[in-house]
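Residue numbers start from 1 in every chain, and the chains themselves are labelled A, B, ... in the order their sequence lines are given, proteins ahead of strands.
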Amino acid sequence: PELPEVETIRRTLAVKLAGRTLTGATVFYSGAIAHPAPEQFVAGLRDARVQGLRRRGKYLLIDLSSARTLVVHFRMTGRLVFHPRPASPAPHTHLVIDLDGGGQLHFVDSRKFGRLWLWPTAALGGDGPLARLGREPLEDGFTREFLRVELGRRRGKIKPLLLDQTLIAGLGNIYADEALHLAGLHPEKPACDLSPAEIGRLHRAIGRVLQDGIEHNGTTLRDYRDGTDTAGRHQEYLRVHRRPACPVCGAAIRRKRVGGRGTHYCPCCQKEESGHGD
DNA sequence: AGTGCAACCCGAACGC
DNA sequence: TGCGTTCGGGTTGCAC
């Protein structure tokens, strides 16, 4: 999941977890617990009340009354699903958290890449898992000016830069492809070669594809589910990612490896040289 | 600084 | 149908 999916998980779980207390937890795969050691992690969850849910980039933050925050990163296939009654764990369930009132939270991740942390809330800005994250693309700090300055001093290809979480926090492979198509930019264009007009288009496109993704409750290509185990709808609106033809000009979408990632773009609307014709 | 690659894991898709 | 190969919604670390 990328930013829109994590935001959807946050919203769907916030409704279910508001004011509830964690009464215990069982770890089935200790590799999923990044910090602290599994025993302390479980002990630290007990009797903590949920204060609220936040999101930072692709991380979900569950603030607890114990002045600590449960931090979740889903990587490729992670899910966090609320069950109103105790439920038998689905395959690949690595952690079950019990809630007062009989509910449960199941962390499920077939690929075992996802991780959880229990971290002092006040220290999250310092040395925690969020320490190196860049700007939030849907908040005020993500300005056109910020993009202009940062891209202007990098010679690398634009797409891998969009995926750099220390620059912009939350874009992943799907929404990076979508934003570049919406902006009419070739994914391999050097960042410092973007014109002011292109930077403006890219800035607007990033905000737009993320907002649209949130509006459609995220993209379910295969694994993604929200906090109520419901699939998203944004896959029906994708422009280039894993699509056969460009919705603008009808040209066949091209697929290429850029920065080690499968990249989809329209050879007609996203030319290496100009783009839209500024 | 930029780029490529292996590693972490597993299931699904693909090729024959 | 069956089997081996490739690939991937992500991130990190390391070598060149």
Side-chain angles (χ1 to χ4, degrees), chain A residues 1-9 28-35 55-60 71-80 90-95 107-117 127-134 137 149-180 187-193 206 209-210 212-214 216-226 230-244 255-264:
Chain A
E2 309 178 29
L3 186 154
E5 290 74 40
V6 179
E7 177 62 21
T8 304
I9 295 171
F28 298 103
Y29 171 63
S30 58
I33 313 301
H35 182 91
R55 179 192 55 72
R56 178 80 171 94
K58 301 174 190 173
Y59 291 80
L60 178 70
V71 181
V72 186
H73 197 296
F74 300 94
R75 293 282 185 102
M76 310 278 264
T77 54
R79 299 178 186 179
L80 194 59
H92 311 294
T93 299
H94 305 320
L95 170 73
F107 180 72
V108 185
D109 181 15
S110 67
R111 228 172 138 182
K112 293 186 172 172
F113 283 175
R115 294 289 181 268
L116 300 97
W117 296 254
D127 58 351
L130 316 179
R132 299 184 61 238
L133 290 180
V149 171
E150 291 299 325
L151 298 187
R153 61 172 168 231
R154 319 237 193 168
R155 248 162 305 177
K157 300 168 180 172
I158 183 63
K159 167 154 175 187
L161 277 177
L162 294 183
L163 297 177
D164 181 351
Q165 302 297 300
T166 68
L167 187 64
I168 306 170
L171 277 178
N173 205 33
I174 296 177
Y175 293 95
D177 280 355
E178 295 296 297
L180 287 170
E188 293 181 296
K189 182 148 187 164
C192 57
D193 287 354
I206 289 170
V209 298
L210 293 175
D212 285 356
I214 292 171
H216 297 132
N217 294 329
T219 303
T220 299
L221 258 23
R222 181 186 308 158
D223 299 293
Y224 166 71
R225 296 290 185 282
D226 71 16
T230 305
R233 289 176 289 114
H234 192 63
Q235 64 280 5
E236 299 166 25
Y237 300 87
L238 293 178
R239 307 161 61 89
V240 281
H241 190 87
R242 307 207 159 221
R243 303 299 310 174
R255 195 192 144 86
K256 182 176 189 182
R257 198 155 283 274
V258 178
R261 307 298 304 277
T263 297
H264 310 75

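- At C:dG9, one or more side-chain N or O atoms of A:R261 fall inside 4.0 Å of OP1 or OP2 (strictly under the cut-off).
- Phosphate contact (OP1/OP2 of C:dG10, side-chain N/O of A:Q165, threshold under 4.0 Å): absent.
- Nucleotides C:dG4 and B:dC8 have their C1' atoms positioned 22 Å apart, rounded to a whole Å.
- Closest-nucleotide positions on DNA chain C for A:Y59 and A:E5 were compared, and the one nearer the 5' end corresponds to A:E5.
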Strand DNA chain C in bracket notation, Watson-Crick/G-U under 3.5 Å with | for pairs to another chain: .|||||||.|||||||

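- Picking from B:dC8, C:dG9, C:dT11 the nucleotide with the shortest atom distance to the side chain of A:F113 gives B:dC8.
- Of the N and O atoms on the side chains of A:Y175 and A:T219, at least one donor lies less than 3.5 Å from an acceptor on the other residue.
- Within 4.0 Å of A:G156, counting heavy atoms only, lie sugar-phosphate atoms of the nucleic acid but no base atom.
- To the nearest 0.5 Å, atom NZ of residue A:K112 and atom CZ of residue A:R75 are 15.0 Å apart.
- Each of B:dG2, C:dG9, C:dT11 was ranked by its minimum atom distance to the side chain of A:R154; first place goes to B:dG2.
- Taking side-chain N and O atoms only, A:H73 has no distance below 4.0 Å to OP1 or OP2 of C:dG10.
- As rounded to whole Å, 13 Å separates atom C1' of C:dG9 from atom NE2 of A:H234.
- Residues A:E5 and A:K58 are not paired through a salt bridge, judged by the lack of any N-O separation under 4.0 Å between the basic side chain and the carboxylate.
- OP1 or OP2 of B:dG11 sits under 4.0 Å from a side-chain N or O of A:H92.
- OP1 or OP2 of B:dC10 lies within a sub-4.0 Å distance of a side-chain N or O belonging to A:K112.
- Ion pairing between A:D177 and A:K159 holds under the 4.0 Å rule for side-chain N and carboxylate O.
- At C:dG10, one or more side-chain N or O atoms of A:K58 fall inside 4.0 Å of OP1 or OP2 (strictly under the cut-off).
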